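Pasting a structure here, questions to come.
Lettering of chains follows the sequences in order, A, B, ..., and the numbering in each one begins at 1. The model shown is predicted, which means the values in this text are computed figures rather than measured ones. When reading the values below, keep in mind they use all heavy atoms of this one structure, side chains included, and skip hydrogens, waters and symmetry mates.
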There are 2 protein chains.
Amino acid sequence: MPNSNTHTDSSPVFSPLYQQIKSLLLQSLEKGEWNAGDLIPPEVELAKRYNVSQGTVRKAVDELAAENLLVRRQGRGTFVATHQESKIRFRFLSMKADDGTDFKTRSTILDVKHTTPPEAVRAHLELNKKDAAVQISRLLSFDNTPAVVEEIWLPSQIFADVTLDKLTNYKGTLYGWFEAEYNVRMIRAVENLRAVVATPQVAQLLEVSAVEPLLFVERLSYTYADKPVEVRHGWYLTAAHHYQNELI
Amino acid sequence: MPNSNTHTDSSPVFSPLYQQIKSLLLQSLEKGEWNAGDLIPPEVELAKRYNVSQGTVRKAVDELAAENLLVRRQGRGTFVATHQESKIRFRFLSMKADDGTDFKTRSTILDVKHTTPPEAVRAHLELNKKDAAVQISRLLSFDNTPAVVEEIWLPSQIFADVTLDKLTNYKGTLYGWFEAEYNVRMIRAVENLRAVVATPQVAQLLEVSAVEPLLFVERLSYTYADKPVEVRHGWYLTAAHHYQNELI
DNA sequence: CAGTGGTCTAGACCACTGG
DNA sequence: CAGTGGTCTAGACCACTGC
């Protein structure tokens, strides 16, 4: 459905066709017409569907691929990005070993409870006053050494039936689980980092002294349509690992 | 100079035309045919020069713009990115105030000396055994409150005549100065973050206790052709500010 | 108004994948 | 070998900037 956008169009903003196509593709992703890991229709078909040229569809898809929402595979097709892929798995874990070697991450769920979240968390998740949240506590180990303590809050409205058992039994990443069980894909996150002193509980879990400096990471994750859907607080031991970030 | 790349070309790797054009543009940037802030030739002209279509030039320029090496301005032309631009200035300072307000950054140069760098720094800068480096120490204040202590190493070969006086007298960012005075543009950096306890000297400069947890940032910066050209160690006070990072 | 980048099209052909 | 995304071209027209 191309609009005209000629000079006779008096609307103040100009929106290129490919942006409109991108929005339509985004809507299809949001409403689940194509789910994580699915093959989306080929470019020629999308071009027919939207009544535009293949080049225009291509530009829209290119942008969605650049944003890691779609994955192009030459010769095969274009797929909806999924947290099951190993490449994507590490997009949301920035830790590297100081010596550059790989390490095995293991997660131990400590606790799962449905509570009224702290005010700051409530605000970040854009919840109403009395909305509940699932609070997950976990301990991450790198090569069997305690490395990270995390507190995670999720809106109960979406993640209603999370239990410690279900979580413990799932093999894979949390985001993989959210995607598989709740059809919620995290596509973007903002992290705020600080150096803090360990709290007694965290120090104990990480098996370090109570004055150990820790990297404290506050994460707010978003799904489609910029909807905030997870708050995560992480206390990272940075004795043998570091948080790596590239400025481009 | 398009190559043929037909099936009669037995070379094992296929390099699209636009990638070759991109390399040529990169070479022109490296050798200083166009310098920071310069307007580069219009697309039609580049297309003529390289004997390809405008669309092919466009794709090459698009990629360089995506990498922040070039800046496109509709109706005006395409410019070489420069650290003088305010937008780019903040690409290499990730700190935000906790309350979201803006703050004024002031830099005080503490010391400048030409030394043999520590082994780790030497390796990162890919220097030979006896190569010297300039070591700059500075204190950054946010809104007139001490916030960051930095130690910076630069290859003396390039930054031969850096002195405390020259540095102190320059108004603007360090990268702006490197660009203006030495024609060296930082285009990419990798940062490793850790939580540490302040050293006595750093604690004194930041006016905090000797056990204050600090965010320690190790940065390696690169110029064109992936040449490492700066090592920077920063101790950040994160009481009122945090390091912000977006995962996309 | 001239010049620049930005959009859109139509079509040809290539590279890659899987069956 | 058919089908997919990837490259490249040529050309038309639009939006934006500065003069």
Side-chain angles (χ1 to χ4, degrees), chain A residues 1-25 34 37-66 69-81 85, chain B residues 1-25 34 37-66 69-81 85:
Chain A
M1 315 270 191
N3 70 359
S4 60
N5 267 324
T6 64
H7 69 291
T8 57
D9 182 352
S10 64
S11 80
V13 286
F14 164 71
S15 168
L17 243 188
Y18 75 87
Q19 285 289 357
Q20 302 173 41
I21 304 302
K22 188 181 166 187
S23 294
L24 293 172
L25 293 172
W34 312 309
D38 284 359
L39 180 64
I40 75 168
E43 293 178 353
V44 266
E45 196 169 316
L46 290 174
K48 255 182 268 175
R49 179 201 295 203
Y50 298 124
N51 197 25
V52 298
S53 80
Q54 187 177 349
T56 300
V57 167
R58 166 171 296 276
K59 185 144 187 180
V61 171
D62 276 347
E63 289 206 354
L64 292 171
L69 298 189
L70 296 177
V71 178
R72 317 193 73 143
R73 298 195 199 285
Q74 182 172 111
R76 297 183 55 193
T78 301
F79 298 79
V80 179
E85 288 175 70
Chain B
M1 315 269 194
N3 69 1
S4 60
N5 266 325
T6 65
H7 69 290
T8 58
D9 182 351
S10 64
S11 82
V13 282
F14 165 69
S15 168
L17 244 188
Y18 76 88
Q19 285 290 358
Q20 303 173 41
I21 305 302
K22 188 180 166 188
S23 293
L24 293 172
L25 294 172
W34 312 309
D38 284 359
L39 180 65
I40 76 168
E43 292 178 354
V44 267
E45 198 169 314
L46 291 173
K48 255 182 267 176
R49 180 203 292 204
Y50 299 124
N51 195 25
V52 298
S53 81
Q54 187 179 348
T56 300
V57 167
R58 167 171 295 275
K59 183 143 188 179
V61 171
D62 275 347
E63 288 206 354
L64 292 171
L69 300 187
L70 296 177
V71 178
R72 317 194 72 141
R73 296 194 202 286
Q74 180 172 106
R76 297 182 56 191
T78 301
F79 298 80
V80 179
E85 288 174 70

> In whole angstrom, what separates A:L17's CG from D:dA15's P?
Replying inline: 12 Å
> For A:L39 and A:R76, which heavy atoms make the closest approach, and how far apart are they?
Replying inline: CD1-O, 4.0 Å
>> To the closest 0.5 Å, what do you measure between CG (B:L70) and CH2 (B:W34)?
In response: 8.0 Å
>> Nearest to the B:T56 side chain among C:dT9, D:dC8, C:dC8, which nucleotide is it?
In response: D:dC8
> Between A:Q54 (CD) and D:dC8 (C1'), how many Å, whole number?
Replying inline: 13 Å
> Rounded to the nearest 0.5 Å, what separation is found between the NZ atom of B:K59 and the CD atom of B:Q54?
Replying inline: 15.5 Å
>> Just the rounded figure in Å: distance from P of D:dT9 to NZ of B:K59.
In response: 12 Å
> How close or far is atom P of D:dT9 from atom OH of B:Y50, stated in whole angstroms?
Replying inline: 14 Å
>> For B:V52 and B:Q20: C-alpha separation, side-chain torsions, deciding distance, then whether side-chain contact (heavy atoms from CB on, under 4.5 Å) applies.
In response: CA-CA 11 Å; B:V52 298; B:Q20 303 173 41; over 6 Å; no
>> Output the rounded distance in Å from CD (A:Q74) to P (C:dG18).
In response: 12 Å
>> B:K22 vs B:Q19, test: side-chain contact (heavy atoms from CB on, under 4.5 Å). Steps then yes/no.
In response: CA-CA 5 Å; B:K22 188 180 166 188; B:Q19 285 290 358; 3.7 Å; yes
>> Whether A:T78 contacts D:dG5 is assessed here as follows: a side-chain N or O lying under 4.0 Å from the phosphate OP1 or OP2. Is that the case?
In response: yes
> Could you write out DNA chain C as a dot-bracket string, with dots for unpaired bases, | for bases paired across to another strand, and Watson-Crick or G-U pairs counted at under 3.5 Å?
Replying inline: ||||||||||||||||||.
> Taking the side chain of A:Y18 as heavy atoms from C-beta outward, which of D:dT9, C:dT7, C:dT4 is closest to it?
Replying inline: C:dT7
> Could you state the CG-C1' distance from A:D62 to D:dT7, rounded to the nearest angstrom?
Replying inline: 12 Å
>> Between C:dG6 and B:R58, counting only base atoms on the nucleotide and side-chain atoms on the residue, is there a donor-acceptor pair under 3.5 Å?
In response: yes
> B:L39 or A:R76: which one's nearest nucleotide on DNA chain C is closer to the 5' end?
Replying inline: B:L39
> Given A:L46 and A:L25, is the side-chain contact (heavy atoms from CB on, under 4.5 Å) satisfied, shown in steps?
Replying inline: CA-CA 9 Å; A:L46 290 174; A:L25 293 172; 4.2 Å; yes
> Are B:L24 and B:R49 close enough, and set up right, to give a side-chain contact (heavy atoms from CB on, under 4.5 Å), and what steps lead you there?
Replying inline: CA-CA 11 Å; B:L24 293 172; B:R49 180 203 292 204; over 6 Å; no
>> Please report the distance, rounded to the nearest Å, between CG in B:L70 and P in C:dT4.
In response: 16 Å
>> In this structure, how many angstroms lie between the P atom of C:dT7 and the CZ atom of A:F14, rounded?
In response: 7 Å
